[in-house]
Trainee: 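My questions will all concern the structure given below.
These figures come from a predicted structure and were not determined experimentally.
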Amino acid sequence: MSNYIFDSHVHSRNSFDGEESVDTLCSFAVNNNIDGICITDHCEINEYDESFENSIRKSHSDVECAQKKYEGRLIVRKGIELAQPLQNMEIAEKVLKKFPCDFIIGSMHNPKDEQDYYYITKEEYMDKQRLDYLLTRYYEEYYEMTRWGKFDVIGHITYPLRYIEGVHKIKVDMTKYNEIIFEMLKVAAQSGIGIEVNVSGFRQPYNKQFPNFEHIKAYRDFGGEIVTIGTDSHNSITLGSYFEKGEELLKQAGFKYYSSFKEHKPEMIKLK
């Protein structure tokens with residue numbers, strides 16, 4: 001059992017795939033001994049339009065209301081999951097300026113001009129050349145995004161495996177992509193950018209965390225110290241779920257703390 005749970009990756013119904021209100025999420029957290037959450041609703045920069053602007057505004061307004069309502073019972077922070085920022089850097093910069101918050105997850109759901117990995121068919125993934133192209137493009141863009149660096153942590157680094165290995169049961173040899181992934185982690189560690197241990201995979205067919213343990217360990221070996229744990233919850237029932245697995249992975253990799261964020265500054269939480 002975790003001694004302190006701060007879930008840094010939570011989606012409300014202000015995300016297009018979220019299911020519940022910020023208030024419902026907070027009420028569940030209080031009733032289930034969760035100490036803090038950060039609401040990180042989606043902002044897909046490559047698809048950005050007025051609907052995303054309205055949803056972020058509403059998300060942050062809902063968090064401000066929750067902060068007042070649950071003061072002294074639950075820490076509630078404002079965040080954004082900023083996805084594909086390099087695909088329109090002008091808009092990404094505008095979002096960062098317009099919506100100040102506590103925490104930004106920099107993430108990738110698809111390389112430029114490709115679909116989210118959720119939508120790609122098993123037939124495409126079974127084409128080895130196509131699969132290699134999709135993963136190479138993904139990590140090349142993720143590396144450049146990390147060099148850009150205008151976010152707090154790198155989110156779910158092995159996200160494509162949720163669908164390739166988890167849903168479609170196609171095994172991927174990640175050693176081919178580790179060189180660029182390790183370079184990305186080195187840049188992050190040297191730049192003070194954190195990584196996320198996303199434990200959502202434990203409740204999905206994938207049945208493991210994102211990223212792979214070797215990537216968590218490499219980040220630590222490069223001197224990285226800032227790691228958040230997130231459930232990537234889209235409803236209240238999964239808040240805090242499998243949190244202890246994230247903590248255990250961090251301890252195995254040599255970490256003594258995990259982090260939450262306030263005003264883009266990491267707050268270190270001692271691992272039990």
Trainee: Name the one of T231, T228, T238 that satisfies side-chain hydrogen bond (donor to acceptor under 3.5 Å, both in side chains) with D7?
Mentor: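 Of T231, T228, T238, side-chain hydrogen bond (donor to acceptor under 3.5 Å, both in side chains) with D7 is met by T231 alone.
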Trainee: Can you list the residues that meet the side chain to side chain contact (heavy atoms under 4.5 Å, CB included) rule with D221, with sequence neighbours excluded?
Mentor: K217
Trainee: Mind checking ring-ring contact (aromatic ring centres under 6.0 Å, His included) for F16 and listing every partner two or more places apart, or none if nothing turns up?
Mentor: H42
Trainee: Who are the salt bridge (Lys or Arg N to Asp or Glu O under 4.0 Å) partners of E214, not counting sequence neighbours?
Mentor: none
Trainee: Apply side chain to side chain donor-acceptor pair (under 3.5 Å) to S241 and list each qualifying residue two or more places apart in sequence or on a separate chain.
Mentor: none
Trainee: Return the set of residues passing ring-ring contact (aromatic ring centres under 6.0 Å, His included) with Y143 (not counting sequence neighbours), or none when no residue passes.
Mentor: none
Trainee: Under the salt bridge (Lys or Arg N to Asp or Glu O under 4.0 Å) rule, collect the residues that match up with E165, sequence neighbours excluded.
Mentor: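 Result, salt bridge (Lys or Arg N to Asp or Glu O under 4.0 Å) vs E165: K171.
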Trainee: Tell me which donor-acceptor pairs under 3.5 Å the side chains of residues 248-260 have, and how far apart each pair is, sequence neighbours excluded?
Mentor:
{"from": "K251", "atom 1": "NZ", "to": "K272", "atom 2": "O", "distance (Å)": "2.9"}
{"from": "Y258", "atom 1": "OH", "to": "Y4", "atom 2": "O", "distance (Å)": "2.6"}
{"from": "Y258", "atom 1": "OH", "to": "F6", "atom 2": "N", "distance (Å)": "3.1"}

Trainee: Do V227 and I216 have side-chain heavy atoms sitting under 4.5 Å apart?
Mentor: no
Trainee: With a 6.0 Å cut-off on the ring centroids, do Y163 and Y118 count as close?
Mentor: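 Yes; Y118 has its ring centre under 6.0 Å from that of Y163.
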Trainee: For T136, which residues count as a side chain to side chain contact (heavy atoms under 4.5 Å, CB included) partner, sequence neighbours excluded?
Mentor: D132, E140, Y177
Trainee: Is a side-chain donor or acceptor of S61 paired with a backbone partner of R57 at a separation under 3.5 angstrom?
Mentor: no
Trainee: Tell me, which pairs form a side-chain hydrogen bond (donor to acceptor under 3.5 Å, both in side chains) where one or both residues lie in residues 87-107, sequence neighbours left out?
Mentor: E53-K98, E81-S107, Q87-E141, E93-K150
Trainee: Checking D62 now: which residues fulfil salt bridge (Lys or Arg N to Asp or Glu O under 4.0 Å) with it, not counting sequence neighbours?
Mentor: K58
Trainee: Can you check whether H156 and H109 have ring centres sitting under 6.0 Å from each other?
Mentor: yes
Trainee: Taking the six-membered ring for Trp and the full ring for Phe, Tyr or His, determine whether the centres of Y117 and Y138 are under 6.0 Å apart.
Mentor: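 Yes, they do, as the ring centres are separated by less than 6.0 Å.
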Trainee: How would you list, by chain and number, every residue that makes a side chain to side chain donor-acceptor pair (under 3.5 Å) with R162, sequence neighbours excluded?
Mentor: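 Listed in chain order: S200, Q204, D232.
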Trainee: Are F28 and N235 packed together at the side-chain level, in the sense that at least one heavy-atom pair is separated by less than 4.5 angstrom?
Mentor: no
Trainee: For a 4.5 angstrom cut-off between non-hydrogen side-chain atoms, does L185 reach I195?
Mentor: yes
Trainee: D127: what forms a salt bridge (Lys or Arg N to Asp or Glu O under 4.0 Å) with it, not counting sequence neighbours?
Mentor: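 Not a single residue meets the salt bridge (Lys or Arg N to Asp or Glu O under 4.0 Å) criterion with D127.
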Trainee: Can you tell if the side chain of L161 reaches within under 4.5 Å of the side chain of M174, non-hydrogen atoms only?
Mentor: yes
